[in-house]
Amino acid sequence: MVDLEPTQFRARLDDALAVYVTAMGYPRGTEYHRAPMWTEHMTRPGWRAVGALETTNDSPGRLVGVAYGYTGSARQWWHQQVRTGMRHSGWHHDDIDAVLGDYFELTELHVLPTAQGHGLGEALLRRLLRGRTERRVLLSTPEVADEDNRAWHLYRRLGFDDVLRRFRFTGDSRPFAVLGRSLPVPDRVSPLA
Ligand SMILES: CC(C)(COP(=O)(O)OP(=O)(O)OC[C@H]1O[C@@H](n2cnc3c(N)ncnc32)[C@H](O)[C@@H]1OP(=O)(O)O)[C@@H](O)C(=O)NCCC(=O)NCCS
């Protein structure tokens, strides 16, 4: 598990995008659209990235997991979408300001399918959030039946609550959940916390 400084992240960008496309099951070629966006994200205040490396005799340090995020801001498209969604779903404006006033956006978190199921996702997320100064962490994840995939299990296990459900971002027909929790994340999280 390593921190990826900007130069290291840039050097591993193709590998990180390959992890993302494979983990999400997206069609090949998606990475070409994402590369400029991920590069732009690196310029945002509070950007931080972590990686999981697998070292074998054949490959010293193959990237098998990656996560990054940055400090949320009202100037960002994601923030504006979530704010609009919260307003439409009946959140009081004071509560919207409280939730969106000071947060870290978990933008990407992916582990290669062959490396999943061993706690790497949780370790990446915990490392990424360690020492953050924001009051909350927020993320969006696709809705799945019965919240039954590894991403949902992980977020619920770490105490993430609903902010929005079945929300549709402009330009994407899939329903998403926006989830959040306060920071810091304790070492052990009670399922009832
Ligand atoms: C979501 C994702 C990053 C989680 O990574 P992961 O390494 O599979 O997840 P975890 O760290 O939660 O570990 C997975 C399982 O291993 C178990 N586990 C945890 N620590 C373990 C350990 N030390 N040894 C063995 N198993 C362990 C967990 O209980 C967990 O079980 P569960 O999924 O049934 O709850 C990964 O599954 C992924 O890339 N999914 C596809 C892409 C995606 O959905 N990304 C998020 C989009 S928002």
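Every value quoted in this text rests on a predicted model; they were computed, and no experiment measured them. Start at 1 and go down the list; that is how both ligands and their atoms are numbered.
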Nearest heavy atoms of Thr55 and Gly61, plus distance in Å: OG1-N, 3.4 Å

Quiz question: by atom type and distance under 3.5 Å, do the side chains of Arg136 and Tyr103 form a donor-acceptor pair? no

Close side-chain approach of His79 and Ser73, heavy atoms under 4.5 Å: no

Shared hydrophobic cluster for Leu129 and Val111 (ILVMFWY, side-chain gaps under 4.5 Å): yes

Hey, could you give me the CG/NE2 distance between Leu100 and His93, rounded to the nearest 0.5 Å? 14.0 Å

Of the listed options Gln116, Arg150, Arg157, closest to atom 29 (O) of ligand 1 (non-hydrogen atoms): Arg157

Contact between Gly65 and ligand 1, counting heavy atoms under 4.0 Å? no

Would Ala123 count as being in polar contact with ligand 1, using the rule that some N or O on each side must be under 3.5 angstrom apart? no

Heavy-atom contacts with Leu109 under 4.0 Å: which atoms of ligand 1 show up? List them by number with element. 3 (C), 45 (N), 46 (C)

What do you reckon, does Val111 have a nitrogen or oxygen under 3.5 Å from a nitrogen or oxygen of ligand 1? yes

Is there a chain of hydrophobic side chains (I, L, V, M, F, W, Y, each step under 4.5 Å between heavy atoms) that links Trp77 to Leu139? no

For Glu122 and ligand 1, does the shortest N/O to N/O distance drop below 3.5 Å? yes

Given the rule that I, L, V, M, F, W and Y join up when any side-chain heavy atoms are under 4.5 Å apart, are Leu128 and Trp38 in one cluster? yes

If you look at every heavy atom in Gln76 and Thr71, which pair is closest and at what distance? NE2-O, 3.1 Å

Heavy-atom contacts with Ser140 under 4.0 Å: which atoms of ligand 1 show up? List them by number with element. 48 (S)

Is there a polar contact between ligand 1 and Pro142, counting only N or O atoms under 3.5 Å apart? no

Is any heavy atom of the protein nearer than 4.0 Å to atom 22 (C) of ligand 1? yes

Does this structure show an ion pair linking Glu147 with Arg165, if we count only N-O contacts that are shorter than 4.0 Å? yes

Name the orientation class of the two ring planes belonging to Tyr20 and His110 (parallel below 30°, tilted from 30 to 60°, perpendicular beyond 60°). perpendicular

Of Ala151, Gly25, Ala67, the one whose closest heavy atom lies nearest atom 44 (O) of ligand 1 is Ala151

Side chain or backbone, does Gly117 bring an N or O within less than 3.5 Å of an N or O on ligand 1? yes

Any idea which part of Glu108 is under 4.0 Å from ligand 1, heavy-atom wise: side chain, backbone, both or neither? neither

Protein contact to atom 32 (P) of ligand 1 [nearest heavy atom, distance to 0.1 Å]: His153 ND1, 3.5 Å

Backbone, side chain, both or neither: what part of Pro113 comes under 4.0 angstrom of ligand 1, heavy atoms only? neither

Got the closest protein heavy atom to atom 24 (N) of ligand 1, with its distance? His118 O, 3.8 Å

What is the closest protein heavy atom to atom 5 (O) of ligand 1, and at what distance does it sit? Gly121 CA, 3.3 Å

Under 4.5 Å between side-chain heavy atoms, counting indirect links through other Ile/Leu/Val/Met/Phe/Trp/Tyr residues: same cluster for Val19 and Tyr68 or not? yes

Ligand 1 versus Tyr155: contacting region, heavy-atom distance under 4.0 Å: side chain

Which heavy atom of the protein is the closest neighbour of atom 18 (N) of ligand 1, given with residue, atom name and distance? Gly119 N, 3.7 Å

Minimum-distance protein heavy atom relative to atom 43 (C) of ligand 1: Met24 SD, 3.5 Å

